[in-house]
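Some notes on the structure that comes next.
Numbers here are sequence positions counted from 1. Both ligands and their constituent atoms are indexed starting at 1 by order of listing. In this text, all values refer to a predicted model and were calculated from it rather than measured experimentally.
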Amino acid sequence: MLYLVGLGLSSEEDITVRGLKAVKKSCRVYLEHYTSILMAASQEELEKFYEKPVILADREMVETGCDEILRDADKQDVAFLVVGDPFGATTHTDLVLRAKQQGISVEVIHNASIMNAVGACGLQLYTFGQTVSMVFFTENWRPDSWYEKILENRKIGLHTLVLLDIKVKEQNYENMARGRLIYEPPRYMSISQCCEQLLEVDESKGTKAYTADTPCVAISRLGCPTQRMKSGTIKELSGYDAGEPLHSLVILGRQCHELELEYLLEFCDDRRKFKQDVLRDQEYFKPAPWVPPAEEEDE
Ligand SMILES: C[S@@+](CC[C@H](N)C(=O)[O-])C[C@H]1O[C@@H](n2cnc3c(N)ncnc32)[C@H](O)[C@@H]1O
């Protein structure tokens, strides 16, 4: 059996009882190690907790070398651990399909994900639109396909969850070109960098999917004892120090309910100003009032 086990958001103890049982009976345990990190537990701490070795699976191993992960999984139990939920944000459907093609049974054991725990900021999950990913801009690579998705969400009043890039084991161009297996130190995008990139792209587009005054909520280390939320405009959050990773951002949509607003006010510096920013933002993309069609007059 191949077990895909969600680890939850923060510590080694966030695994479910069913997930832990699967790990205990597996002969090999892999930890997916490129889309997220378990913030409060290292590889060594996991190994101590599970009482067995944990193999780090980088992008290369999962995407091109998954035969090694699946080796003998038709005869033995193998666990593939994913921080959050195995199908939250990055899905691991490719691994599941390959296992099935090889006649290997698969069991998925779910857990909390950023995709649902984000509700902790007080915004209703029901009123979120498309989630987008913000990648690190480089000098000549500044992808902005997320912009249209934010625009679509904002036009129909929905909130946007922005997931931020992480680079856990990346080579620089020179090392990649020369085939040298030398990796850069891990990097995690911060809230302030994300907000700066948002502002840069909005300026170049001019479509005004959002502005510097659009209200947002910054979420750091969700599920950790050091979890922090901060509500403010994009401009304000571009100067905010959210501390250690991981960070996510939510850009508010027009349909901000008064209870949602009341919750967000707990996380801002200036309640009066933030309330005004939200009320002003609700006018943005507001559809024209509906006017019933004129009834046809009787002849
Ligand atoms: C590609 S997603 C992987 C999501 C994961 N599989 C899950 O289900 O939660 C990783 C990104 O989600 C966001 N994220 C994940 N966990 C987070 C947390 N606990 N607090 C804040 N942001 C988080 C960060 O932006 C991070 O770079």
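Checked by distance only, ligand 1 and Met39 stay at 3.5 Å or farther apart across all their nitrogen or oxygen atoms. For the pair Leu163 and ligand 1, the shortest N or O to N or O distance does not fall below 3.5 Å. Of the polar atoms of Ser220, none of the N or O atoms is found under 3.5 Å from an N or O of ligand 1, judged by distance alone. Close N/O approach between Ala89 and ligand 1 is not found [any backbone or side-chain N/O within under 3.5 Å]. Any N or O atom pair closer than 3.5 Å counts here, and Val82 shares no such pair with ligand 1. For ligand 1, the polar-atom distance check against Ile114 finds a nitrogen or oxygen pair separated by under 3.5 Å. At under 3.5 Å, a nitrogen or oxygen of His247, whether backbone or side chain, sits near a nitrogen or oxygen of ligand 1.
Ion pairing between Lys48 and Glu12 fails under the 4.0 Å rule for side-chain N and carboxylate O. Between Lys286 and Glu283, at least one side-chain N (NZ, or NE/NH1/NH2) sits under 4.0 Å from a carboxylate O, which counts as a salt bridge.
Close approach of ligand 1 to Leu164 (heavy-atom distance below 4.0 Å) involves ligand atoms 25 (O), 26 (C), 27 (O). The contact set between ligand 1 and Gly84, taken as ligand atoms under 4.0 Å from a residue heavy atom, comprises 7 (C), 8 (O), 9 (O). The contact set between ligand 1 and Thr35, taken as ligand atoms under 4.0 Å from a residue heavy atom, comprises 1 (C), 2 (S), 3 (C), 10 (C). Of all atoms in ligand 1, listed by their number and element, those nearer than 4.0 Å to a heavy atom of Ile166 are 27 (O). Within the listing of ligand 1, atoms 20 (N) sit less than 4.0 angstrom from a heavy atom of Arg221. Listed by number with element, the atoms of ligand 1 under 4.0 angstrom from any heavy atom of Gly88 are 4 (C), 5 (C), 6 (N), 7 (C), 8 (O). Atoms of ligand 1 lying under 4.0 Å from any heavy atom of Asp85, numbered from 1 in the order shown and given with element: 6 (N), 7 (C), 8 (O).
Under the 6.0 Å cut-off for aromatic ring centres, Phe136 and Tyr188 do not qualify, their centroids lying 6.0 Å or more apart.
Side-chain contact annotation: Asn111 with Thr16, donor-acceptor N/O pair under 3.5 Å absent. Side chains of Gln124 and Glu260: a donor-acceptor N/O pair is absent below 3.5 angstrom, by distance only. Between the side chains of Ser42 and Glu45, a donor-acceptor pair is found at a separation under 3.5 Å. Side-chain polar atoms of Asp85 and His110 form a donor-acceptor pair below 3.5 angstrom. Residues Glu148 and Ser145 bring no donor and acceptor atom of their side chains to less than 3.5 Å of each other. Under the 3.5 Å distance criterion, with hydrogens and angles disregarded, no donor-acceptor pair is assigned to the side chains of Arg228 and Ser220. In the model, Asn175 has no side-chain atom that pairs as donor or acceptor with a side-chain atom of Tyr183 under 3.5 Å.
In this structure, Met115 has no heavy atom closer than 4.0 Å to ligand 1.
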### Task
Could you go through the ring pair (Phe, Tyr, Trp, His ring centres under 6.0 Å) check for Tyr210 and Tyr147 one step at a time?
CA-CA 9 Å; Tyr210 49 82; Tyr147 185 87; 5.6 Å; yes

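With hydrogens left out, the protein atom closest to atom 22 (N) of ligand 1 is Ser248 OG, 2.8 Å, a heavy atom. Scanning all protein heavy atoms for the shortest distance to atom 8 (O) of ligand 1 gives Ser113 OG, 2.7 Å. The protein atom (non-hydrogen) at minimum distance from atom 1 (C) of ligand 1 is Thr90 OG1, 3.3 Å. With hydrogens left out, the protein atom closest to atom 19 (N) of ligand 1 is Leu222 O, 2.8 Å, a heavy atom.
With Ile191, Leu246, Val83 as candidates, the residue nearest to atom 17 (C) of ligand 1 on a non-hydrogen basis is Leu246.
Paired with Lys273 under the rule salt bridge (Lys or Arg N to Asp or Glu O under 4.0 Å), one option of Asp269, Asp277, Asp270 passes, and it is Asp277.
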